[in-house]
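The structure appears right after this line, and notes come after that.
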Amino acid sequence: MNNRIKNSTCVVNSYGARKYIFRKLNTSDTEVFYYMRTLISSTPTMVGQTVIIKGWVNSVRSHGTLSFADIRDRSGVIQVVGGKELGNLKVEDVVEIEGVIKNRDEKYFNDKIITGKIELEQQKLTVVEKALDLPFDIHQPDLNVSLPVLLDHRPASLRHKKVADVFKMQSTIVSAFRQYLDENGFTEVFVPTIVAGSTEGGSEVFPVDYFGHQAYLAQSPQLYKQVMTSIFERVYTVAHAYRAEPSVTTRHLTEYVGLDVEFGFIDSWQDVVKMADSTVKAIFKAVSEKHQDILDEYGVTIPKTVDLTPQIKLKDALELIYQRTGRDVRHELDLDPEGEREICRWALEEHGSELVFITHFFTKKRAWYSYADPENPEETLTLDLIGRGVEWISGGQRISNYQQLQEKIKSRGQNPADFEVPYGQCFKYGMPPEGGFAIGLERITQNILGLENIRQASLFPRDMERVDTRLSAANKKTAPKIDLHQKLLAYLDENQVKYKHLEHQETNTSDESAKARGTTIEQGAKALVMIADNQPILVVLSAANKLDNSAFKKEFDIKDLHMATPEEVVKYSSVVIGAVPPFGNLINLKTYVDQALLMQPEIAFNAGSKTTSVIMSSADFQKLVKPIIGHYGA
């Protein structure tokens, strides 16, 4: 057909996108015009013109012979007006619609979208692909579905605008990172993620059977980016990294994306601080300029910054926490999560900054390639950037002398020969003074947008319970058995929560449990696995009360609610009825808690078995679980 094209006209907008094209084809009998696809964002300037749009059905409103449908593509949404054919569409059907762009009646203007003053009058409709029913409604302002369910149906949840906007903004974070470093003389490099040994010599690595040989997934690109500093002087990489940490928190993943930077010929480790600071601020600037709509959508602002982000040595930060709170952490080797939050509060109060650098971490705590402070060898010239109470960046000056590096590796009980190729070789041939840092992409995304869980900032998150599907739902022969009791205690310890752990005779009633614990029955947290509209949930209330089914269904707009069977309880929680702790977040169940239970200063509950219990502050429980609170105890 190409050889019959008589002429072709193409109009291009300022973004390089094709706005509108027609081709006039000369046939033996007549001349036929073929209209090509128009992006929805281009339509406001095309009133009176015939266009073809392609996209998904966002919504359909049928009024007999008159129907309306909102159609979306990658650039926006437009209202289409048509007849019964249009009204028969289903949400998420893939369609191609030809029609004429017309002005809307002024009283129907919609200022919230760029096409709010126009509409497309349908002339021809083609259903490219039909869509099945969605597992949940993705066209509400917020998805009122638990995170595990959203991840179970990721292709559906990612179609929700607010969810997709997370990753639109994340793309800008990466592009701003690249642009700023390119402008400052850096070269992007691409490094392997299958490595011969542990980057930092630890045990938190994933082994790989590499054709009968032992290899590992890289904990970071650290060693390779140092090698490349001896080649290009200034390098960066965007690389996946893997940590086999058995952590179940709202800020840890087993696979994450690191924005890694390394550069040579530094005059001081402060050069690393300045580069990390300016890079983050360049990211903030790009996000603010390009995505103010997304920031508004999430009800957040870019973190407050000052020209010189405040710095404080670790030992001084530990002393400051003691002075401010009375909590004595002065002999700790690092900040715990509450300590990070307290130092951020100090930085905001004293310096007007939501960012703060913690520096001079202890030598025995930092990686072996870290450069010791010449004035105090027990400390290193290293840094962490804490933002809004969470670590975003880690970095510092590195050892650049081959012999010093050999001795440091030996001092950690490791063999320098294990790191010689290619890492050690680059130091043999001359390495300038150098340093660098790494930004956690998911961490910075999570904390700019104020997301509750880091999994919300990962397209397809990996953790100890999920590789796309929930491992607990996988074949029992291949999925590792998770001890819920140990998992709960590890979670409480990791979050620095005070609690009392009890071992006692098996209890089978609330009265027996209260007696064994030395608590009142009102303090007992009864955790019930329920099935609500075909979805498992965890309903928690005081052991002194009964569940008012009708009140619960009415309060949370649930049509069907019933107890899970004993088999279902084991399936969803991994423990038997009566042993389920009230931590639905540890077993991927949406958790509801009756207000009456939270009136108790302390609560007590079975901790994954009928022979162990935990007593803890109800305030700490609420802080960790973040349950949906209601009034349904009778």
Side-chain angles (χ1 to χ4, degrees), residues 246 248 464-465 470-473 476 479-495 497-531 536-549 562-594 596-618 620-622 624-625 627 632-634:
V248 184
M464 64 182 294
E465 293 186 335
R470 300 190 210 188
L471 298 180
S472 58
K476 301 294 183 182
K481 182 174 178 60
I482 299 174
D483 186 325
L484 185 56
H485 172 68
Q486 292 300 325
K487 182 176 175 181
L488 171 63
L489 298 186
Y491 181 62
L492 296 177
D493 289 338
E494 189 167 359
N495 284 277
V497 170
K498 293 181 180 179
Y499 65 93
K500 185 184 294 184
H501 178 240
L502 304 174
E503 295 184 358
H504 47 71
Q505 293 293 320
E506 181 175 318
T507 60
N508 290 291
T509 68
S510 298
D511 287 320
E512 289 177 3
S513 296
K515 186 176 180 180
R517 299 167 187 150
T519 58
T520 66
I521 193 170
E522 287 79 13
Q523 289 177 280
K526 181 165 54 178
L528 308 175
V529 179
M530 309 286 291
I531 307 298
I537 62 172
L538 193 67
V539 178
V540 182
L541 67 164
S542 170
N545 295 331
K546 293 182 179 180
L547 173 64
D548 185 334
N549 270 40
H562 61 271
M563 294 285 293
T565 65
E567 293 77 18
E568 288 174 325
V569 172
V570 173
K571 174 183 176 182
Y572 295 121
S573 73
S574 79
V575 297
V576 299
I577 291 176
V580 182
F583 283 72
N585 55 320
L586 296 185
I587 51 177
N588 294 316
L589 293 184
K590 194 172 186 178
T591 306
Y592 298 80
V593 175
D594 184 58
L597 176 65
L598 299 178
M599 299 298 290
Q600 299 292 325
E602 288 189 326
I603 63 171
F605 49 87
N606 283 347
S609 77
K610 294 185 177 183
T611 59
T612 59
S613 292
V614 162
I615 303 174
M616 65 181 292
S617 157
S618 61
D620 284 341
F621 162 74
Q622 186 176 347
L624 291 179
V625 177
Y632 50 79

Note to self: Using 0.5 Å steps for rounding, measure from the CZ atom of Arg517 to the CD1 atom of Ile615.
What the structure shows: 7.5 Å
Notebook entry, point to check: What's the spacing between Leu586 CG and Leu538 CG if we round to 0.5 Å?
Noted result: 10.5 Å
Checklist line | Heavy-atom pair with the smallest gap, counting every atom of Val575 and Gly608 | finding: CG1-O, 3.4 Å
Checklist line | Nearest heavy atoms of Pro581 and Ala607, plus distance in Å | finding: CB-CA, 4.4 Å
Item checked: Which atom of Leu489 lies closest to which atom of Val614, heavy atoms considered -> CD2-CG2, 4.0 Å
Notebook entry, point to check: Asp620 and Tyr499: side-chain donor and acceptor closer than 3.5 Å?
Noted result: no
Check: If you look at every heavy atom in Gly633 and Asp594, which pair is closest and at what distance?
Finding: N-OD1, 3.1 Å
Next item on the list: Go through the steps for Tyr632 and Asn549 under the test side-chain hydrogen bond (donor to acceptor under 3.5 Å, both in side chains), then give the verdict.
Entry: CA-CA 7 Å; Tyr632 50 79; Asn549 270 40; over 6 Å; no
Check: Taking the inter-plane angle between the rings of His485 and His501 on a 0 to 90° scale, is it parallel (under 30°), tilted (30 to 60°) or perpendicular (over 60°)?
Finding: tilted
Margin query: Using modelled atom types and a 3.5 Å cut-off, is there a donor and acceptor pairing between side-chain atoms of Thr507 and backbone atoms of Glu512?
Written below: no
Check: Can Leu492 and Leu624 be said to form a side chain to side chain contact (heavy atoms under 4.5 Å, CB included), step by step?
Finding: CA-CA 9 Å; Leu492 296 177; Leu624 291 179; 3.8 Å; yes
Next item on the list: Report yes if the side chains of Val625 and Val593 come closer than 4.5 Å at any heavy-atom pair, otherwise no.
Entry: no
Next item on the list: Start with the C-alpha distance between Val576 and Lys610, add both sets of side-chain angles, then the distance that settles side chain to side chain contact (heavy atoms under 4.5 Å, CB included), and finish with yes or no.
Entry: CA-CA 9 Å; Val576 299; Lys610 294 185 177 183; 4.1 Å; yes
Item checked: From OG (Ser609) to CG (Leu484), nearest 0.5 Å -> 9.5 Å
Notebook entry, point to check: Under 4.5 Å between any side-chain heavy atoms of Tyr572 and Ile531, yes or no?
Noted result: yes
Check: Can any side-chain N or O of Ser513 pair as donor or acceptor with the backbone N or O of Thr509 at less than 3.5 Å?
Finding: yes
Next item on the list: Decide yes or no on side chain to side chain contact (heavy atoms under 4.5 Å, CB included) for Ser613 and His504, but give the supporting numbers first.
Entry: CA-CA 8 Å; Ser613 292; His504 47 71; 2.7 Å; yes
Note to self: If I take atom CD from residue Glu506 and atom OG1 from residue Thr612, how far apart are they, to the nearest 0.5 angstrom?
What the structure shows: 11.0 Å
Notebook entry, point to check: Which class fits the ring pair Tyr491 and Phe583: parallel under 30°, tilted 30 to 60°, perpendicular over 60°?
Noted result: perpendicular
Notebook entry, point to check: Quick one: NE2 on His562 to CE on Met530, what's the gap to the nearest 0.5 Å?
Noted result: 8.0 Å
Item checked: Validation row: Val497, Phe621 side chains within 4.5 angstrom (heavy atoms) -> no
Margin query: For Leu597 and Phe605: C-alpha separation, side-chain torsions, deciding distance, then whether side chain to side chain contact (heavy atoms under 4.5 Å, CB included) applies.
Written below: CA-CA 12 Å; Leu597 176 65; Phe605 49 87; over 6 Å; no
Check: Could you state the interatomic distance from CD1 (Ile521) to NZ (Lys515), rounded to the nearest 0.5 Å?
Finding: 13.0 Å
Next item on the list: Check for a donor-acceptor pair, side chain of Lys526 on one end and backbone N or O of Leu547 on the other, with a separation under 3.5 Å.
Entry: no
